[in-house]
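Scope of the values below: all heavy atoms of this structure, side chains included, with no hydrogens, waters or symmetry mates. Bear in mind that the values here come from a model prediction, so they are computed numbers and not experimental data.
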Amino acid sequence: MREVIERAPAIETTSAAPPSTTLLEAGASLLQTVLAAPAESPRAVALDLLAADACVTWAFELAAEAGAPVPALADAAMRRLAAEAR
(Lines give C-alpha, C1' and ligand atoms only; values in the text may rest on other atoms or scores of the structure.)
Protein backbone atom coordinates (compact mmCIF):
# COMPACT_ATOMS: atom_id res chain seq x y z
CA MET A 1 0.00 0.00 0.00
CA ARG A 2 2.76 2.44 0.94
CA GLU A 3 4.58 1.70 -2.32
CA VAL A 4 1.47 2.40 -4.38
CA ILE A 5 0.85 5.71 -2.62
CA GLU A 6 4.48 6.73 -3.07
CA ARG A 7 4.16 6.10 -6.83
CA ALA A 8 1.07 8.30 -7.00
CA PRO A 9 1.32 11.79 -8.49
CA ALA A 10 2.25 14.52 -6.03
CA ILE A 11 -0.22 14.97 -3.21
CA GLU A 12 -0.91 18.63 -2.53
CA THR A 13 -1.63 19.14 1.16
CA THR A 14 -0.31 21.40 3.85
CA SER A 15 1.61 20.09 6.81
CA ALA A 16 -1.31 21.23 8.96
CA ALA A 17 -3.77 19.13 7.00
CA PRO A 18 -5.50 16.42 9.04
CA PRO A 19 -4.60 12.84 8.14
CA SER A 20 -8.08 12.33 6.70
CA THR A 21 -7.45 15.12 4.18
CA THR A 22 -4.07 13.69 3.25
CA LEU A 23 -5.60 10.27 2.70
CA LEU A 24 -8.41 11.75 0.62
CA GLU A 25 -5.83 13.52 -1.55
CA ALA A 26 -3.86 10.28 -1.90
CA GLY A 27 -7.02 8.49 -3.03
CA ALA A 28 -7.80 11.21 -5.57
CA SER A 29 -4.24 11.12 -6.84
CA LEU A 30 -4.39 7.37 -7.28
CA LEU A 31 -7.73 7.68 -9.06
CA GLN A 32 -6.07 10.12 -11.45
CA THR A 33 -3.50 7.42 -12.26
CA VAL A 34 -6.26 4.88 -12.90
CA LEU A 35 -8.23 7.19 -15.16
CA ALA A 36 -5.13 8.13 -17.17
CA ALA A 37 -4.27 4.50 -17.93
CA PRO A 38 -5.07 3.04 -21.33
CA ALA A 39 -8.43 1.27 -21.40
CA GLU A 40 -6.72 -1.86 -22.72
CA SER A 41 -4.77 -2.41 -19.50
CA PRO A 42 -7.22 -2.46 -16.57
CA ARG A 43 -5.18 -5.07 -14.72
CA ALA A 44 -2.14 -2.80 -14.75
CA VAL A 45 -3.94 -0.27 -12.54
CA ALA A 46 -6.10 -2.61 -10.46
CA LEU A 47 -3.83 -2.21 -7.44
CA ASP A 48 -3.97 1.57 -7.79
CA LEU A 49 -7.78 1.46 -7.84
CA LEU A 50 -7.89 -0.72 -4.74
CA ALA A 51 -5.40 1.56 -3.00
CA ALA A 52 -7.50 4.63 -3.92
CA ASP A 53 -10.55 2.97 -2.40
CA ALA A 54 -8.61 2.06 0.75
CA CYS A 55 -7.28 5.61 1.14
CA VAL A 56 -10.74 7.15 0.90
CA THR A 57 -12.16 4.53 3.30
CA TRP A 58 -9.37 5.21 5.81
CA ALA A 59 -9.96 8.95 5.47
CA PHE A 60 -13.53 8.47 6.66
CA GLU A 61 -12.49 6.13 9.47
CA LEU A 62 -9.93 8.63 10.75
CA ALA A 63 -12.37 11.53 10.50
CA ALA A 64 -15.02 9.60 12.42
CA GLU A 65 -12.54 8.58 15.12
CA ALA A 66 -11.37 12.19 15.47
CA GLY A 67 -14.93 13.45 15.82
CA ALA A 68 -14.65 15.45 12.58
CA PRO A 69 -17.83 16.35 10.68
CA VAL A 70 -18.13 13.33 8.39
CA PRO A 71 -20.87 14.90 6.19
CA ALA A 72 -18.49 17.76 5.36
CA LEU A 73 -15.75 15.26 4.49
CA ALA A 74 -18.21 13.32 2.32
CA ASP A 75 -19.06 16.49 0.42
CA ALA A 76 -15.39 17.34 -0.04
CA ALA A 77 -14.62 13.78 -1.13
CA MET A 78 -17.39 13.73 -3.73
CA ARG A 79 -16.28 17.06 -5.16
CA ARG A 80 -12.60 16.06 -5.22
CA LEU A 81 -13.16 12.63 -6.76
CA ALA A 82 -15.66 13.95 -9.30
CA ALA A 83 -13.10 16.53 -10.38
CA GLU A 84 -10.73 13.70 -11.29
CA ALA A 85 -13.36 12.00 -13.43
CA ARG A 86 -13.86 15.06 -15.64
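- We find the CG-CZ distance between Leu31 and Arg80 to be 9.0 Å, quoted to the nearest 0.5 Å.
- Considering only residues two or more places apart in sequence or on other chains, Pro38 meets the side chain to side chain contact (heavy atoms under 4.5 Å, CB included) condition with Glu40, Ser41.
- Applying the side-chain hydrogen bond (donor to acceptor under 3.5 Å, both in side chains) test to pairs two or more places apart or on separate chains, none has a residue in residues 60-70.
- When all heavy atoms of Asp48 and Leu30 are compared, the closest pair comes out as O-CB, 3.9 Å.
- Scanning both residues, Ala28 and Leu81, for their nearest heavy atoms gives CA-CD2, 3.8 Å.
- Looking at every heavy atom in both residues, Pro19 comes nearest to Leu62 through CB-CD1, 3.7 Å.
- Here the side chains of Leu24 and Cys55 are not in contact, with every heavy-atom distance at 4.5 Å or above.
- When all heavy atoms of Leu35 and Glu84 are compared, the closest pair comes out as CD1-O, 3.3 Å.
- A side-chain contact (heavy atoms from CB on, under 4.5 Å) with Asp53 is found for exactly one of Leu49, Thr57, Leu50, namely Thr57.
- Leu23 has its side chain out of reach of Val56: every pair of non-hydrogen atoms, C-beta onward, lies at least 4.5 Å apart.
- Nearest approach of Leu73 to Ala63, heavy atoms of both residues: CD2-CB, 3.5 Å.
- Judged as a side chain to side chain donor-acceptor pair (under 3.5 Å), and not counting sequence neighbours, the contacts of Asp75 are Arg79.
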